[in-house]
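Worksheet for the structure shown next.
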There are 2 protein chains.
Amino acid sequence: MNVHILAATRRRDCVRARPQRASKADPQTDAAIHDAIARAVMDGSLRAGTKLAEHRLAAIFGVSRERIRKVLHRLGAERRIDIIPNRGARVPQPTVDEVRQIYEAHRVLEAGVLLALADALDDAFLARLDAHLAEEHAAAARGDRSASVKLSGGFHLLLVDAIGNPELSRILRDLLSRSSVMVSVYEPANQSICAVDEHGAIVEALRARDVGRAIDLSGHHFLHVEQRLRLDYAADAATDLEAVFRPRLAGKPARATASKRGDRR
Amino acid sequence: MNVHILAATRRRDCVRARPQRASKADPQTDAAIHDAIARAVMDGSLRAGTKLAEHRLAAIFGVSRERIRKVLHRLGAERRIDIIPNRGARVPQPTVDEVRQIYEAHRVLEAGVLLALADALDDAFLARLDAHLAEEHAAAARGDRSASVKLSGGFHLLLVDAIGNPELSRILRDLLSRSSVMVSVYEPANQSICAVDEHGAIVEALRARDVGRAIDLSGHHFLHVEQRLRLDYAADAATDLEAVFRPRLAGKPARATASKRGDRR
DNA sequence: CGCCGCCAAAATGTGCACATTCATGCCAGT
DNA sequence: ACTGGCATGAATGTGCACATTTTGGCGGCG
């Protein structure tokens, strides 16, 4: 376990930390640190399960430990990292089931959004959707996975933003940002997270003012993602076996093999 | 302004603080303090705009200031109180528009919930809804407003919990708890926040497996609430005028009269 | 007479040092 | 040789003291 933690930590140091920038006397505002860590967690630069030690981060960012502490606790309150009392913070290691719940939640709520969207539909908005689809296509065409993931999320944000309710936008934005974490864990690298065509079909349904179909399509869209997650999980179970038994060798024996990730919170 | 704050603060002291309990050597766990403040904010014991001074709360709860500080920042992250850097924490003073947004969000999202609920509908669940309606009726009959508000929120929680997605439940629970704050500010005391009959109509639609009607009813239900809020606002505008000009007398001139509450965040 | 700028008090923010808790490795006992 | 308890060390949690910012009041100046 020692080895595992050290390896992961060292990886973090070189992937995200940019210590030289941090050690410049730049005061590094709270928000900047918050965003840096949140982004690193979300885009997968930090491996799931990585420990986020306070003094180490403090050294990396060149600020006091209390500062990091505050940020870490805030991230914990936002459910972006896991904090265990007296045991510190870790990059969350979502269960397949948790991931599924996030996607299901998104699916359920987006149905409501689409229903409400019926009133806000106008040509200008449809044109914006078309433009977005074009961008998605372009990114997919040149194989830019990072852009694809981002744009793919942006599509759903575009939908909810059209309602013009900041509160609503914030809720779905949170949901989306949390599901982004999981993409990096469970999604195979060669698949785009949302099929562009499925987005296109939703737009067509909206253009035809057929909200019912749009909802159906959106639902199936999310179900596809969920389903693919489960398949992927089964596919690389062999690889995962190693992760299953690693904790048992070093730490206290895990409570049960089957619940290896289920008893975190 | 001084007078206003002092009055509000004094009121807080006697309404919620229970200083004698706090000064008992009871260590008062973080969660307990968090809940105490959150509840006080939510149920209206604390007047909107009341300042939550750290050292004062520390004295009241009999803990160190840092403890309060942590809790306050957490409450701020949860959007349950407003925190302005270097200016401390205050009980939020929601704009009518913000309240409307919360209700609109709830309305939009609950439509999705009802759609998803179609799959989870069984007789046991309908029976539970009936039982809940009976409770609501009972509370309304004996004029127990506090119980009514609580049960009324519980109805919507019952709906979302039926889907069995904890993540979804958490999101709507948050939304509901935030709208509870506003009830105390804008709702007249003699009206129940959710008409029991409207809840009953939704249940009937569900029983008939007519999800479309249930969504319609739910939508109108929330629209009623929103509408009533606006009427109430217009009704006591005279009282509010005083609040409009008070900040200008004491503090820096407000940026604009119309945005008196809109520029808080 | 009114306005601008300064001063002091109070409240928040921050860093430091100490207390507490948890994990790991060692040693003794069976 | 293995299990159990114990000690040590590292990491987190907490309180205290100081720095910074804001606010309300006051005096001088235009």
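Model, not experiment: these values are computed from the prediction.
When the C1' atom of dA23(C) is taken as reference, atom CZ of Arg90(A) falls 12 Å away, rounded to whole Å.
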Across nucleotides 9-18 of chain C, 5' to 3', mark each nucleotide with B, S or - according to how protein heavy atoms within less than 4.0 Å reach it. --SBBBBBB-

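Applying the side-chain contact (heavy atoms from CB on, under 4.5 Å) criterion to Asp174(B), with sequence neighbours excluded, gives Arg170(B). Evaluation of the side-chain contact (heavy atoms from CB on, under 4.5 Å) rule for Glu54(A) yields Arg65(A), Arg69(A), Leu72(A) as partners, not counting sequence neighbours. In this view, Asp35(B) and Arg39(B) satisfy the side-chain contact (heavy atoms from CB on, under 4.5 Å) rule, not counting sequence neighbours. Taking Glu78(B) as the reference, Arg74(B), Arg80(B) meet the salt bridge (charged side-chain N to carboxylate O under 4.0 Å, His left out) condition, with sequence neighbours excluded. Under the side-chain hydrogen bond (donor to acceptor under 3.5 Å, both in side chains) criterion, Asn165(A) pairs with Glu104(B), sequence neighbours left out.
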